There are 2 protein chains.
Amino acid sequence: MSATFSAFSDPAFSMRRAVPTRPSWMATSAPEKIPAGAASGGQLLHVAPDAELYADGAESVSFYKVVSGLVRTCKFRSDGRRQIDAFYLPGDSFGFEDGGRHRLSAEAVCETYVVAYRWRGAEALSAGDAALAPQLLSLALQGMRRAQDHALLLGRRSASQKVAAFLTDMIDRSVNDEVIELAMSRQDIADYLGLTIETVSRTLSQLERDEMIALPSARRVRVQDRLGLRHLSS
Amino acid sequence: MSATFSAFSDPAFSMRRAVPTRPSWMATSAPEKIPAGAASGGQLLHVAPDAELYADGAESVSFYKVVSGLVRTCKFRSDGRRQIDAFYLPGDSFGFEDGGRHRLSAEAVCETYVVAYRWRGAEALSAGDAALAPQLLSLALQGMRRAQDHALLLGRRSASQKVAAFLTDMIDRSVNDEVIELAMSRQDIADYLGLTIETVSRTLSQLERDEMIALPSARRVRVQDRLGLRHLSS
DNA sequence: CGCGCGTTTGAGTGGTCTCAATGTCCGTGG
DNA sequence: CCACGGACATTGAGACCACTCAAACGCGCG
């Protein structure tokens, strides 16, 4: 459907040898999900755990696509609290802005590789980029949808509903549909759901007591009652 | 900067005679904020108070721009609760979707006029619409930014912070920067902020006792300590 | 083995919700 | 002109859920 630059080569393929065993959040992205590259494709970047890809307020020169690992975008408030806007899994694109500056900071949650695509914002798209605009528009609409869903998640929901919704979303987005490998910490989850770390932990324990999930380890969630979870999060 | 169709005529001008006195939420939009029309401009539509412009799940054939009045987009949950995603003031555009269907319902809050622009989604933008894509991209990025801000507003903030942020946003978006004419009810505000109607009312009363605002009537807010409000909402 | 980090669990507090009653504004009709 | 009704908004009392502060637990690593 959408035109893609034939010169574009997927950096994900060159990554595969370096990662012998891959949990779901490390899966390489499918080639068809790679956006058409601005200019001559994109530049592959490595980002270490907790390292910053770009800062809130920094000049926006590129947008990004996750190859492997996990990226979080967040805002630091004046009272020191952090709010996470989104988690980006392999295949997801992020970093579009309508001004010339980023309005969130982006950090790697774990060992992460991303591809950077240079662009100068919506206003600077010339006629030569005509084929690119519809694809970027589609990505922007996806981003708006994700942000809307996040806002709906945060409004007037109980802790168990929020956690269930988070787990349901993670299942839907990962390859494996039974076991979720959480690359992010409890603090990350709490900052994403607008809860405290203790409440997240308590809620997960309660879900385990209710036999909706199992927690073989802190960062591994086995979903046992997928429909129950989905119903709880609705 | 951005190309606009010369054949496009602003329906807002034809509205002006019909509205002798205009509070801020009834202000007609500035011509430069009108997006380039898809096809041959747009179709002017009247929407009565609480009438539905489109329903959640309905086929998406147009996007819209508010000429006068106020539009809310919302979601009705299975427990009967309503969550409002956004309020759209004159000049704002809404109704973009990345699928073929709307994912929220749109309703007029009061007597409202909108312009409808036909389009068939990002995928259907042909070469003939090349000049349109960057403008739509810009609007989509605005929408994403708005949704992100809303999500940040809803996460881990006290009732007074939420209400202060709502009032601050309303001041920034309306023409008058001292008195806010609220076209929406307390219930609308509560559903937007993830609070109950009682908490919204109590919080407004408290802000009045703290002399940050005055409430000459229920739907009219005079801002007396703008910096204090802004600081509270940060 | 012991340290450190992340996570889990416990006890008590507080902010928002729920349920209920009262108050205010405005249009209608006597 | 005032009485009445209805919708919307405000205020009050009590309950509950998530937060805060604190301690204990489990795991990986030097």
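Each chain gets a letter, A, B and so on, in the order its sequence line appears, and its residues count up from 1. Not measured: the values here are computed from a predicted model.
- A salt bridge between A:Arg146 and A:Asp85 is present, with a side-chain N of the basic residue lying under 4.0 Å from a carboxylate O of the acidic one.
- Between A:Asp56 and A:Arg101 no salt bridge is recorded (no basic side-chain N to carboxylate O distance below 4.0 Å).
- Counting to the nearest Å, the C1' atom of D:dC17 and the CG atom of A:Leu195 are 11 Å from each other.
- Contacts between residues 204-214 of chain A and DNA chain D, defined by a heavy-atom separation below 4.0 Å, involve no residue at all.
- The nucleotide whose nearest atom lies closest to any side-chain atom of A:Ser201 is, among C:dC17, C:dT9, D:dC19, C:dT9.
- Within the structure, salt bridge (charged side-chain N to carboxylate O under 4.0 Å, His left out) contacts touching residues 184-197 of chain A (residues at least two apart or in different chains) are A:Arg72-A:Asp188, A:Arg82-A:Asp188, A:Arg82-A:Asp191.
- As a whole-Å value, the separation of A:Arg220 CZ from C:dT7 C1' is 16 Å.
- B:Phe94 has its ring centre no less than 6.0 Å from the ring centre of B:Phe63.
- A sub-4.0 Å separation between OP1 or OP2 of C:dC17 and a side-chain N or O of B:Thr199 is present.
- In this structure, the CD1 atom of B:Ile197 is 16 Å from the C1' atom of D:dG12, given to the nearest Å.
- Straight-line distance from the CZ atom of B:Arg157 to the P atom of C:dG15: 18 Å, rounded to whole Å.
- Nucleic acid contact class of B:Ser158 (heavy atoms, under 4.0 Å, all strands): sugar-phosphate only.
- Of the residues near DNA chain C, A:Arg156 and A:Ser185, the one whose nearest nucleotide (by heavy atom distance) lies more toward the 5' end is A:Ser185.
- OP1 or OP2 of D:dC19 sits under 4.0 Å from a side-chain N or O of A:Thr196.
- Where B:Ser160 and A:Arg202 each meet DNA chain C at their nearest nucleotide, the meeting point lying more 5' is that of A:Arg202.
- A:Ile189 places its CD1 atom 11 Å from the C1' atom of C:dT7, with the value rounded to the nearest Å.
- Each of C:dT18, C:dT7, C:dC17 was ranked by its minimum atom distance to the side chain of B:Glu198; first place goes to C:dT18.
- Distances shorter than 4.0 Å separate some side-chain N or O of A:Arg186 from OP1 or OP2 on C:dT8.
- Ion pair A:Asp98/A:Arg103 not flagged as a salt bridge, since none of the NZ, NE, NH1 or NH2 atoms sits closer than 4.0 Å to an Asp/Glu carboxylate oxygen.
- Distances were taken from every side-chain heavy atom of B:Arg81 (C-beta onward) to each of D:dC19, C:dT18, C:dT8; the shortest belongs to C:dT18.
- When rounded to the nearest whole Å, the span between CG of A:Leu182 and C1' of C:dG6 equals 14 Å.
- Side-chain N/O atoms of A:Arg219 include none lying less than 4.0 angstrom from OP1 or OP2 on D:dG26.
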Exercise for review: In sequence, state the C-alpha distance, the side-chain angles, and the governing distance for B:Val223 and B:Leu167, and then conclude on side chain to side chain contact (heavy atoms under 4.5 Å, CB included).
Suggested key: CA-CA 9 Å; B:Val223 178; B:Leu167 293 176; 5.5 Å; no
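- A distance of 6.0 Å or more separates the ring centres of B:Tyr64 and B:Tyr88.
- By the 4.0 Å N-to-carboxylate-O rule, A:Arg220 lies close enough to A:Glu181 to be salt-bridged with it.
- Residue B:Asp79 contributes atom CG, which lies 14 Å from atom P of C:dC17 at whole-angstrom precision.
- Between the C1' atom of D:dA18 and the CG atom of A:Leu154 lies a distance of 15 Å, rounded to the nearest Å.
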